[in-house]
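Working notes, beginning with the structure itself.
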Amino acid sequence: MARGLNREQSREKATKKDAAKNKGRDDGGLTPSQRNERDAKMLAEKKAAKEAAKASGEIPQDAVEDEEARKAKLKIEAKARRELRATQCIPAAQR
């Protein structure tokens with residue numbers, strides 16, 4: 001009988017932990033595919049707005065070029081870090 005009680009207590013504890021972990025998260029009752037569609041639509045709108053701002057001249061061209069250069073530099077640095085990490089013999093826990 002003790003094992004059954006322990007199992008029930010563990011189940012309750014896990015339920016509380018999951019509820020606390022997802023407390024601030026509200027997905028509006030959407031399924032994962034609906035959430036993905038919603039997010040893709042939002043990103044497309046954001047990208048279109050940014051392209052329109054570039055085309056209309058609201059964003060100075062030099063600021064756009066600086067931002068693109070910064071992103072390219074960060075991409076190169078991230079790739080170099082990944083390549084370095086792949087060649088080192090470091091346990092996964094220390095990465």
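Just so it is clear, the structure is predicted and the values come from calculations on it, not from any experiment.
Atoms CD and OG1, from E12 and T15 in turn, are 7.5 Å apart once rounded to the nearest 0.5 Å. Here the NZ-NZ distance, from K46 to K50, works out to 7.5 Å after rounding to the nearest 0.5 Å. Note that CD1 of I76 is 14.5 Å distant from NZ of K71, once rounded to the nearest 0.5 Å.
L30 and R35 get closest at one heavy-atom pair: O-NH1, 3.4 Å.
The existence of a salt bridge linking R11 and E8 is confirmed by a sub-4.0 Å separation between a basic side-chain nitrogen and an acidic carboxylate oxygen.
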- Task: Take L74 and E77, measure what side chain to side chain contact (heavy atoms under 4.5 Å, CB included) needs, and give me the verdict at the end.
- Result: CA-CA 5 Å; L74 289 174; E77 290 173 357; 3.9 Å; yes
